[in-house]
*Asks:* 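Take this structure, written in C-alpha cells, and hold onto it; I'll ask about it next.
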Amino acid sequence: MLQPVSVAHKQLNDYASIVGRQLVDEIRQRAERLQGKRVLHVSATAFGGGVSEILNTLVPLMVDVGLECEWQIIYGREEFFNATKLMHNALQGSPQELTDEQWATWSRYNEINARELTEGWDVCIVHDPQPAALASLVGEKAREWVWRCHIDLSEPNEATLSRLLPYLEPYPAAVFHMPDYVPAGMNGRAHIVPPAIDPLAPKNMAFSPEDAVYICDQFGIDVDRPLLCQVSRFDPWKDPLGVIDAYRIVKQQMPEIQLALVGSMATDDPEGWDYFNATVAHADGDPDIHILNNLNNVGAIEVNAFQSHCDVVLQKSMREGFGLTVTEALWKARPFVGGAVGGIPLQVSDGETGFLVSTVEECAGRSLEILKDPGLGKRLGRAGKEAARRRFLTPRLLRDWLELFEELEV
Ligand code: UDP
C-alpha cells in the first residue's frame, strides 16, 4: 500500500465568516450527491512545496463535506527523485532532457507504485508528473482519473513533454492552473482551476503585529529596521540570487534594509541543498541577509510571522506554476513585488494589488518605492487582501473540485 498521510481536522463552517455563507451553502449543496464517494489524492511528497500545502487543507475539507477522501504518497528513492526533478525542470522549459535510463527509472518506480495502489476508488487524482503513469498502468483501480498539473507547461522542453503525453492519454480530465499551461492534444479534457490557500491554517491565520515581531526577533531580525522577505524553496526558478542582488541595490539607498530568505527543503528536491549552498555563498557573509530553512525550525508559524512582519514580500521567480506564497502575502495585506511570470500575474494586478517586475533593477526600484511610501504599501496590501479573499481561498477550490466531479459523473 502507498503511504497514507494523516491530515488535520477542518470544518467548512469555520470558513463562512471569511468567504461568505453563500459559497459555503453552495458547496454543501454540490456535495450532497457525492456523499461517501471514495476519492484518492496521490502525490510525491507530504512535505515542502505547494502541492502538500494545498492537500493539507483540501483533503480534510473534502472529508468534512462527506467524501471518503484520502491522500497517499508514492514510494521513491533518490534515483527516482533525481529523474523527476529533471523532468519537472524540463517541463518548465529547461533544455536538459532525461536520459533513457532516467525515463526507465521513472517507469520502474511508477510500476512499483501502481502495484501498491489499492483499488475501488471512485476517483483517483494524480498530482504532477512524478506518479503520472499510474492511470496507464492500473486504470481499473479507479472509476475516474484526473491528472492535476501544478507546474508551468507554457514553454516546455518539447522532447520531454512529448514523451510524457502518452501517459496522460488515459486520464479523462486534466486540471491546470491557467489556460496557457494546457499542452496541445488535451482535446477538451483540460479544466482550469487555480489553487488556493487556507486562511485558517497556522501559516495564514491572523497574527497580531506584536506576535510577528516576537517571532522574527528570535531569528535575529532587527525588528526596528525594514525587512524584505522571500519565502520559497532554494531553486533556480525562484531566483534567490537575484533577490540578493535586488536587496544590494536597495541597500545603496537604504543602508538599514535587511533581507530574509526563508526556504524549506522538500524531500523530493535533491537539488535544494546545492542551491541553498550557492545562495549562502552569494550572500557572502552579509550579516543583514538571513537565510533560514526548516532545519532552523522555520515552520508554518514562522513563515506566517515573516510574511506578516516584513515591509515588502518578494517572489522574484523566473518561472512559477502558481506561487502560493503570492496569495499568502496578499492575504496578510503585505505589499508585494514579484516576477511577471507564470501564475503571479494571475494573482497580482500590477500597480493595484502589488507590483510585477522583470529584472533585478525593477525589483529593487519597486521595493524602494514601497519602502519610502508606507501609504502606498498599505493601499496595495489592502487591495491585495480583498482580491485574495474573492479568488484564492480554499473553499473556492473545493467548490471547483466538486463541480468537476459532477461533470465527470463521479
Ligand atoms: N514554504 C514553507 N516554508 C518555506 C518555504 C516555503 O512553508 O521555508 C511554503 C510556502 O509558504 C508555500 C509553499 O511552501 O505555501 C510553496 O508553494 P509555491 O506554490 O509558492 O511554490 P512551489 O514550492 O510549489 O514551487
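Remember, it's 1-based here, ligands and their atoms both numbered in the order they're listed.
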*Asks:* At the 4.0 Å heavy-atom cut-off, does Val262 count as touching ligand 1?
*Replies:*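 Yes, Val262 has a heavy atom closer than 4.0 Å to ligand 1.
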*Asks:* Would you say Lys238 touches ligand 1, if touching means a heavy atom closer than 4.0 Å?
*Replies:*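 Heavy atoms of Lys238 do come under 4.0 Å of ligand 1.
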*Asks:* For the 3.5 Å polar cut-off, considering only N or O atoms, please tell me whether Phe322 and ligand 1 meet it.
*Replies:*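 Phe322 vs ligand 1: no N/O contact under 3.5 Å.
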*Asks:* Is there a ring pair (Phe, Tyr, Trp, His ring centres under 6.0 Å) between Phe80 and Tyr109? Walk through the geometry before answering.
*Replies:* CA-CA 7 Å; Phe80 173 68; Tyr109 278 90; 5.1 Å; yes
*Asks:* Whether Glu79 and Arg108 form a salt bridge (side-chain N of Lys/Arg under 4.0 Å from carboxylate O of Asp/Glu) is what I want to check.
*Replies:*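 Salt bridge present between Arg108 and Glu79.
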*Asks:* Does Gly263 have a non-hydrogen atom less than 4.0 Å from ligand 1?
*Replies:* yes
*Asks:* What I want to find out is whether Asp235 reaches Arg319 closely enough, with some N-O distance under 4.0 Å, to be called a salt bridge.
*Replies:* no
*Asks:* Going by the closest heavy atom to atom 24 (O) of ligand 1, which one wins out of Gly343, Gly50, Gly299?
*Replies:* Gly50
*Asks:* Using the rule given for salt bridge (Lys or Arg N to Asp or Glu O under 4.0 Å), can you reason through Arg115 versus Glu111, listing the C-alpha separation, both sets of side-chain angles and the distance that settles it, and then say yes or no?
*Replies:* CA-CA 6 Å; Arg115 272 200 299 278; Glu111 282 159 21; 5.4 Å; no
*Asks:* Considering only heavy atoms, which of Gln230, Glu328, Glu53 lies nearest to atom 10 (C) of ligand 1?
*Replies:*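 Among Gln230, Glu328, Glu53, the closest heavy atom to atom 10 (C) of ligand 1 belongs to Glu328.
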*Asks:* Between Gln92, Lys203, His88, Arg233, which one has a non-hydrogen atom sitting closest to atom 1 (N) of ligand 1?
*Replies:*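 Nearest heavy atom to atom 1 (N) of ligand 1 lies in Lys203.
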*Asks:* Going by heavy atoms, is Val231 under 4.0 Å from ligand 1?
*Replies:* yes
*Asks:* Checking the side chain of Asn204 only, and the main-chain atoms of Glu328 only, is there a donor and an acceptor separated by less than 3.5 Å?
*Replies:* no
